[in-house]
Novice: 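What follows is a single structure, and I will ask about it in a moment.
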Amino acid sequence: QVQFVESGGGLVQPGGSLRLSCAASGSIRLVIMGWYRQAPGDQRELVARIGVVGDTNYADSVKGRFTISRDNGKNTVYLQMNSLKADDAAVYYCNRVLGVTSWGQGTQVTVSL
């Protein structure tokens with residue numbers, strides 16, 4: 001079973017940017033991948049997904065600000081987050097979109113002055 005390790009989170013001011021990385025323990029070349037987030041008290045939500053040919057979809061709340069990408073050679077998925085808002089603060093996870101497997105520890109994103 002492929003495992004995922006997320007990194008790149010941190011504290012950023014509103015309007016700032018972060019780039020998250022998700023390293024997979026095995027090949028994700030034929031896997032539709034997604035970035036999810038979960039804020040305290042909320043359900044985990046899918047915010048961005050990328051297909052096997054690089055096609056992307058975004059939640060309305062992040063459209064135009066977040067960009068998901070993948071490097072199959074490195075078994076890594078990225079999430080570039082720009083114009084961050086307080087509402088973006090959450091723990092961010094990556095996983096398959098179809099057939100979600102075990103969750104990693106995630107990476108915390110905090111947006112604050």
Side-chain angles (χ1 to χ4, degrees):
Q1 185 177 28
V2 176
Q3 296 180 323
F4 305 106
V5 178
E6 302 89 352
S7 62
L11 172 64
V12 63
Q13 293 184 351
S17 299
L18 284 173
R19 189 192 194 207
L20 307 183
S21 297
C22 166
S25 62
S27 176
I28 55 169
R29 185 170 59 89
L30 298 179
V31 178
I32 302 172
M33 290 294 299
W35 277 99
Y36 302 75
R37 69 184 181 189
Q38 186 170 23
D42 290 346
Q43 289 189 335
R44 193 169 295 171
E45 62 170 338
L46 177 65
V47 296
R49 58 184 282 171
I50 185 165
V52 296
V53 295
D55 48 310
T56 58
N57 291 95
Y58 301 92
D60 287 344
S61 58
V62 307
K63 199 172 294 183
R65 300 186 298 120
F66 290 11
T67 303
I68 188 171
S69 61
R70 64 192 301 159
D71 184 337
N72 291 332
K74 296 181 178 180
N75 295 327
T76 301
V77 181
Y78 304 97
L79 186 68
Q80 177 67 43
M81 306 188 297
N82 299 328
S83 303
L84 282 161
K85 307 175 182 179
D87 288 348
D88 296 319
V91 179
Y92 284 70
Y93 305 85
C94 67
N95 210 314
R96 302 167 62 103
V97 173
L98 302 176
V100 171
T101 60
S102 59
W103 295 96
Q105 292 192 334
T107 186
Q108 176 74 52
V109 172
T110 304
V111 184
S112 179
L113 291 171

Novice: Looking only at heavy atoms, what is the nearest atom pair of Leu113 and Gln13, with distance?
Specialist: CA-CG, 4.5 Å
Novice: So, Thr110 side chain and Leu11 main chain: donor-acceptor pair closer than 3.5 Å or not?
Specialist: no
Novice: Grouping I, L, V, M, F, W and Y whenever their side-chain heavy atoms are under 4.5 Å apart, do Val5 and Val100 come out in a common cluster?
Specialist: no
Novice: Using modelled atom types only, decide if a donor and an acceptor are shared between the side chain of Asn72 and the backbone of Asn75 within a distance under 3.5 Å.
Specialist: no
Novice: Under 6.0 Å from the CD atom of Glu45, do we count more than 12 heavy atoms belonging to anything else shown?
Specialist: yes
Novice: Do the side chains of Asp88 and Arg65 get close enough for a salt bridge, i.e. N-O under 4.0 angstrom?
Specialist: yes
Novice: Do Arg29 and Arg70 have side chains that get closer than 4.5 Å, going by heavy atoms?
Specialist: no
Novice: Would a distance-only check, ignoring hydrogens and angles, find a side-chain to backbone donor-acceptor pair under 3.5 Å from Arg96 to Leu98?
Specialist: yes
Novice: Not counting sequence neighbours, which residues clear side chain to side chain contact (heavy atoms under 4.5 Å, CB included) with Gln38? List them please.
Specialist: Arg44, Tyr93
Novice: Each residue besides Val109 in its hydrophobic cluster should be listed here, by chain and number; the cluster joins Ile, Leu, Val, Met, Phe, Trp and Tyr at side-chain heavy-atom distances under 4.5 Å.
Specialist: Val2, Phe4, Val12, Leu18, Leu20, Ile28, Val31, Met33, Trp35, Val47, Ile50, Tyr58, Val62, Phe66, Ile68, Val77, Leu79, Met81, Leu84, Tyr92, Val111
Novice: Could you grab the distance from atom OH of Tyr36 to atom CD of Gln43, nearest 0.5 Å is fine?
Specialist: 13.5 Å
Novice: Is the side chain of Thr76 donor-acceptor paired with the backbone N or O of Lys74 at a distance under 3.5 Å, no angle test?
Specialist: yes
Novice: Heavy atoms only: give me the nearest Ser83-Ser17 pair and the separation to one decimal.
Specialist: N-OG, 4.4 Å
Novice: Report, as yes or no, whether the 6.0 Å neighbourhood of atom CG on Asp87 holds more than 12 heavy atoms from other residues, nucleotides or ligands.
Specialist: no
Novice: Quick one: closest heavy-atom pair of Ala89 and Ala39, and the distance?
Specialist: O-CB, 3.7 Å
Novice: Please check this pair: side chain of Ser25 against backbone of Gln3, looking for a donor-acceptor N/O pair closer than 3.5 Å.
Specialist: yes
Novice: Are any of the side-chain nitrogens in Lys63 or Asp60 under 4.0 Å away from the carboxylate oxygens of its partner?
Specialist: yes
Novice: What verdict does the side chain to side chain contact (heavy atoms under 4.5 Å, CB included) test give for Gln1 and Ser102, after you've listed the backbone C-alpha separation in whole Å, the side-chain angles of each residue and the deciding distance to 0.1 Å?
Specialist: CA-CA 8 Å; Gln1 185 177 28; Ser102 59; 4.1 Å; yes
Novice: Under 3.5 Å, is there a donor-acceptor pair between the Asn95 and Thr101 side chains?
Specialist: yes
Novice: Run the salt-bridge test on Arg37 and Asp42 with the 4.0 Å N-O cut-off and return the result as yes or no.
Specialist: no
Novice: Quick one: which of Ser21, Cys94, Cys22 gives a side chain to side chain contact (heavy atoms under 4.5 Å, CB included) with Tyr78?
Specialist: Ser21
Novice: For residues 6-32, which residue pairs pass the ring pair (Phe, Tyr, Trp, His ring centres under 6.0 Å) check, not counting sequence neighbours?
Specialist: none
